[in-house]
There are 2 protein chains.
Amino acid sequence: MGQRVTLNDVAEHAGVSRSTASLVVRNSKLIVPETHEKVRASMKALGYIYNQSAGSLRSQKTKTLGMVIADVSNPFYAMLAAGIEWACNQMDYLTIFADTAEDGHRQKMIVDRLIQHNVAGVFLCPAGDDSNTDLNALKSADTPVVQIMRHVPGNLAPYVGPDNLAGVELAVDHVVSLGRRSLAYLGGPVGKSSSEERLKGFHDGLRKHRLTPRPEFILSAGINRRQALETILPILDRPDRPDAIICYNDLMAFGVMLAMQRLGLTPGKDVALVGFDDISESELWTPALTTISIDARNIGRLAARVLLDTIADPHKAVHDVIVQPRLVVRESCGERFAKR
Amino acid sequence: MGQRVTLNDVAEHAGVSRSTASLVVRNSKLIVPETHEKVRASMKALGYIYNQSAGSLRSQKTKTLGMVIADVSNPFYAMLAAGIEWACNQMDYLTIFADTAEDGHRQKMIVDRLIQHNVAGVFLCPAGDDSNTDLNALKSADTPVVQIMRHVPGNLAPYVGPDNLAGVELAVDHVVSLGRRSLAYLGGPVGKSSSEERLKGFHDGLRKHRLTPRPEFILSAGINRRQALETILPILDRPDRPDAIICYNDLMAFGVMLAMQRLGLTPGKDVALVGFDDISESELWTPALTTISIDARNIGRLAARVLLDTIADPHKAVHDVIVQPRLVVRESCGERFAKR
DNA sequence: TCGAACTATTAGATCGTTCTAACGAATCGA
DNA sequence: TCGATTCGTTAGAACGATCTAATAGTTCGA
């Protein structure tokens, strides 16, 4: 069991000081090329392995980032996570991944652990409305944060995500342009910024077209197929059912499709249906889902850029990055619809 | 900008030595309860934050694990990752997540980085057949590894995953029991252990039922819907097309369904179809996919247990954990089928 | 020709924990 | 009563890197 090879050993082997060897590790351009090579050769010869812990202790910095996601079982978040990880890896950062499962208490524990770990920055998709405490904890630990997909009020950290309001408005415009007039909205759980914004988008859209919302058609449920199905079923079963349903996201739209299937209704004919996210599954359903597309990988990439920029220059002013969503027309809203 | 609060400050405030304070942090039962409380109170009063880097440097241990996954855009792996993260979090470990995108070179870089980071252990889903180098690198750094879902030859690290061979045999048994006799297999890319094993399961299954495989019906493609679709299309278009198709996984089975849809064929009637994995999407397709179920979260949990046990006691003998899969009959194989 | 400015390298202190070995006090058995 | 054992605590070294300030040696301008 040989001793671990340290920078001291490398320096001795190469005939330079430990300081010089350290500079070589960090690719300093102060070091003359031949010294560089000499030290690198010694490192290879001795089988040197850099010790992150030691470096981090002294420099008070790590090359790791935290990524706190609400629920990876949602394919959208899985893609988002992949996008973030990919971008950070490019920049030599490792990402610590954690799934809060929408649990505020769990999130607090994770954030505390990340602070102890001295992460260089955190991507946070805030779960629960008391996330301010966590954001403040991160702030007082001088850890930069980017909020992704959702944000808490108070402007504690920049937000990177879609323009939810504009997205749902696109959806409303679309179904109205096809002649639909009786619109329902199936939203996510109240309290999250994305839910609020998308709901507001629905109301704004209706107002624009001089339509009045029917309160019993404004619904909300947990973000999954099953709850969406159960929530929408009684609405679809009414004689005066809506002729269009806008959903908080694709997963919930699938739930609605399943409900329609049970009742013998055809999406795009009996009822127009629009989702949000455009996960890969959406184009494969029959009928294929018309949805509001926001590129998860792209948002991940943008969030990474904002966070890494902040880390590189903490005093730089950062702004929110709002991504404009895009309507993807497929089959679930059908052709032009004439009210009977 | 106040100085960081260290154990020294806490010790001084509590009127004990730093050593004692350190033992309190680690919940040592050597310390008498009142001292414990006294120190904890000081920690709270001063706002002490534990410094992982310092601890790791001295103890040569971290509370972080590496999780190297091939492709999270596959929902199965997303669930697996969630399961692992959840179990590790329970045990006070943070998990560093990385997606190799099936790229051996990328995997090497990530593994090196994890070693530098001094992770306590690694979950590896080996990409590429030259993963032995990476496993050896981890071994010489004394880092325990568990291989998940796939494994490289040489028994370098324990394997936790499904019994692929038995799984595909279940699928073959099922379609044969329904009267199907002309079976095709749409496999994943060659070279990966899971591919080889599932293919062998197909051959073994046929042999058991005294059926001879037709070489032109043994196919392989990339693990996604699109490539599956493109690969199976010409086969389905033949006049002597197979009456049953077993797929490497659910994602590829969906690709086959799409191909059938294009050709006006009905899964379960014209051709029986079986997948593998049982991702949540599978029960929602029409017809719902009959598949071989392996619980991703459960496998993640088991893998975590094996790795954490090894970390706790490195000399303990560890064995592979092979999970028996289960046939989930839905609609994609239809009723009993009589050859015309 | 001298001092200033720059270049490549270095000595020694330092980051905040944990480890080792030892301490005094209390308890115990013979 | 004495030595051995146990208990709770502690001093000081150690982990392996980076940081600060300083060192020679070189170049340059006036």
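Protein chains get the first letters and strands the later ones, always in sequence-line order, with residue 1 at the start of each.
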With a cut-off of 3.5 Å and sequence neighbours excluded, list every side-chain donor-acceptor pair involving residues 111-124 of chain A.
unit_1	atom_1	unit_2	atom_2	d
A:D112	OD2	A:K108	NZ	3.4
A:R113	NH1	B:D92	O	3.4

task: Can you sort out the partners of A:R40 under side chain to side chain contact (heavy atoms under 4.5 Å, CB included), two or more places apart, ordered by chain and number?
output: A:V24, A:N27, A:H36, A:M43
- line: Scanning both residues in full, the closest heavy-atom pair of B:Y93 with B:I311 reads OH-CG2, 3.7 Å
field: Residues from residues 13-35 of chain B lying under 4.0 Å of DNA chain C - heavy atoms
entry: B:R18, B:S19, B:S22, B:R26
- request: State which residues pass side chain to side chain contact (heavy atoms under 4.5 Å, CB included) with B:T20; sequence neighbours excluded, sorted by chain then number.
  value: B:V16, B:S17, B:I31, B:T35
task: Please work out which residues in residues 43-65 of chain A have a non-hydrogen atom less than 4.0 Å from an atom of DNA chain C and list them by number.
output: A:L57, A:R58, A:Q60
- request: Apply side chain to side chain contact (heavy atoms under 4.5 Å, CB included) to B:N132 and B:L156, showing your working.
  value: CA-CA 8 Å; B:N132 318 52; B:L156 287 162; 4.1 Å; yes
Outermost nucleotides of DNA chain D that come under 4.0 Å of a non-hydrogen atom of chain A: D:dG16 to D:dC19
Using distance only, find each side-chain donor-acceptor pair of residues 72-88 of chain A under 3.5 Å and give its atom names and separation, not counting sequence neighbours.
unit_1	atom_1	unit_2	atom_2	d
A:S73	OG	A:D71	OD1	2.8
A:S73	OG	A:D71	OD2	3.3
A:N74	OD1	A:F76	N	2.9
A:E85	OE1	B:D99	N	3.3
A:E85	OE1	B:R106	NH2	3.1

query: Expressed in angstrom and rounded to an integer, what is the separation of A:H36 atom NE2 from C:dT9 atom C1'?
result: 13 Å
With sequence neighbours excluded, residues passing ring pair (Phe, Tyr, Trp, His ring centres under 6.0 Å) with A:F97: B:F97
- prompt: Looking at five pairs on each end of the helix from C:dT1-D:dA30 to C:dA30-D:dT1, what is the angle between the two axes, given to 10 degrees?
  reply: 30°
message: Holding to side chain to side chain donor-acceptor pair (under 3.5 Å), I want the full list of residues that pass it with B:T310, two or more places apart in sequence or in another chain.
response: none
message: What I want to check is whether the side chains of A:S22 and A:R18 have a donor and an acceptor closer together than 3.5 Å.
response: no
task: Name all residues meeting the side chain to side chain contact (heavy atoms under 4.5 Å, CB included) criterion together with B:A70; count only those two or more places apart in sequence or in a different chain, and write none if there are none.
output: B:T100, B:E102, B:C125, B:R150
- prompt: Got a second to check how far B:I69's CD1 is from B:M149's CE, nearest 0.5 Å?
  reply: 9.5 Å
message: Please report the distance, rounded to the nearest Å, between CG in A:L7 and P in C:dG12.
response: 18 Å
message: Using side chain to side chain contact (heavy atoms under 4.5 Å, CB included), reason through B:V25 and B:Y48 one step at a time and then give a plain yes or no.
response: CA-CA 11 Å; B:V25 169; B:Y48 170 70; 4.3 Å; yes
message: Please enumerate all residues that pass salt bridge (Lys or Arg N to Asp or Glu O under 4.0 Å) together with B:D309, with sequence neighbours excluded.
response: B:K316
